[in-house]
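Written below as structure tokens is the structure these notes are about.
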Amino acid sequence: MDKQEILERQRLRIRKRPSLVLNDHSDMIIEDIAASFFRKFMRLFIIEFYFNGCRQFEFTKRFDNSFEFKAFALNQWADIKDNSDAWKDAFCELYKDRDDENNCSFYEQVTLDDVIHNKNMNEIDYFAVAQIISKYFDVSIIKDNYKHTTAHFEDGCFMDCNEDNIDPDINQTIIRFKFDEEIFTENIYTQNPYISSEDFYKIAQSLAMFFSGAEITVFDKSEGKTIKNNYKYDSLSGYASERFDYDNPWRFEFEACTDETEKVQSNALIKVALTPCETKGEIEMYCDYRRIEYGVPLKAIEKVMSETNRNFNVVIIIFQRYTLWTNAMKRGIENQYIYDSVYNRLKEEISKLLLWEKVLEFIKDRISLTAYELWIKTIKFHGISDGKVTLTFKSYVAERMFFEQYATLLQDAFLSVTGNNILI
């Protein structure tokens, strides 16, 4: 069978299963589908290497709207070499669970919309989805023995692999691909799959926030010139600080758990960063790496903001520990305990923040700006309990200087703001 026959056979296989790729009744526009999938694919690529110690990644958008993902490390793909069956298993097997007796898949009706929304997707291989909806999809391995191995896919079909001698280089794993416009436009869609430069930057920046310490560099060559951006954050505070141009965001995290009377016990880790602002603030909400714009956490945040006389930018991240809700991405996060947890904790933290701001203003008027910036502004205030204030300091030197020079002033500030004497 020649190359053209292979391509046509694979194309027919995909075209005969249009529900595999797109849902005809989707309410998402094509840019939303492409961007949502692109985020998931980029995240999975980082995961492949991040938890094995890799911290350096490059992502490039090319002039023809194709993409290159690069990790400066190797994984199990480097051991495949010229084994074509292994390449097919790694990137062509869309379904992990199969009913061999009936020769069909348990997830035969899955659509790309389902993949985006993570509905019944525990066994879906996103790399297989990526290459099936790509016009071409190449995986290149650069090893320290200077061999360059490339596996080549076209129209969802594995074609070949080859090895070439190259100049010495560091270990790298590279994926190059381009969305297949025909798959996206064959059904009800008339627009081409397109990731805007703005979406490209935002997706990379938000993933750098999740993968602490990872250095993500993006190159945008789509407009005939190269634009380079670097993203690296050691914490959610670092992301919020750069995103909203504000030093020392107010950051906290907590667990949201169901009541013991609930039939299904659930748990989530929730992280939040706040930055005060002059006008109505922005809210960025993520659930397990996916940005979402609905659900009860958003309602809880909006209610707290309506009850507060200050404006804030909010970044909130929800990590599922185990079952939280069913079909969260499609119907929204609906659990009342999530709403209550976010509302109560956010209101409490904003109250502490506003109290601390008043205390800082009192102190700032009574010492030099240099002393304030160096010894006071960096203090982390955790709250007051039983007449005692809890603070943390950036270093032992800062703590010692504070107690030697400013502890009494801080007590005076709390007395002025709250009317009560406090202990430190």
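Scope of the values below: all heavy atoms of this structure, side chains included, with no hydrogens, waters or symmetry mates.
Remark: the backbone N or O of Cys161 is not paired with any side-chain donor or acceptor of Thr150 at under 3.5 angstrom.
Taking 4.0 Å as the cut-off between side-chain N and carboxylate O, Glu154 and Lys135 do not count as a salt-bridged pair.
Residues meeting the side-chain contact (heavy atoms from CB on, under 4.5 Å) test with Leu236, sequence neighbours left out: Met209, Tyr239, Arg251, Lys271, Ala273, Val315, Ile317. The side-chain contact (heavy atoms from CB on, under 4.5 Å) search around Glu361 returns none, not counting sequence neighbours. Shown here are the side-chain contact (heavy atoms from CB on, under 4.5 Å) partners of Asp247, two or more places apart in sequence or in another chain: Ser241, Lys377. Applying the ring-ring contact (aromatic ring centres under 6.0 Å, His included) criterion to Tyr50, with sequence neighbours excluded, gives Phe211. With sequence neighbours excluded, the residues that form a side-chain contact (heavy atoms from CB on, under 4.5 Å) with Ala71 are Phe45, Phe49, Cys54, Phe57. For the salt bridge (charged side-chain N to carboxylate O under 4.0 Å, His left out) test, no residue two or more places apart in sequence or in another chain qualifies with Lys380.
Between Trp250 and Phe381, the angle of the ring planes lies from 30° to 60°, which puts this pair in the tilted group. Ring geometry, Phe177 versus Phe179: the interplanar angle exceeds 60°, so the pair is classed perpendicular (tilted spans 30 to 60°).
In this structure, Phe69 has its ring center closer than 6.0 angstrom to the ring center of Phe38. Between Phe67 and Phe59, a ring centre-to-centre spacing not shorter than 6.0 Å is recorded.
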Working for side-chain contact (heavy atoms from CB on, under 4.5 Å), residues Glu348 and Tyr343: CA-CA 9 Å; Glu348 174 189 345; Tyr343 175 82; over 6 Å; no
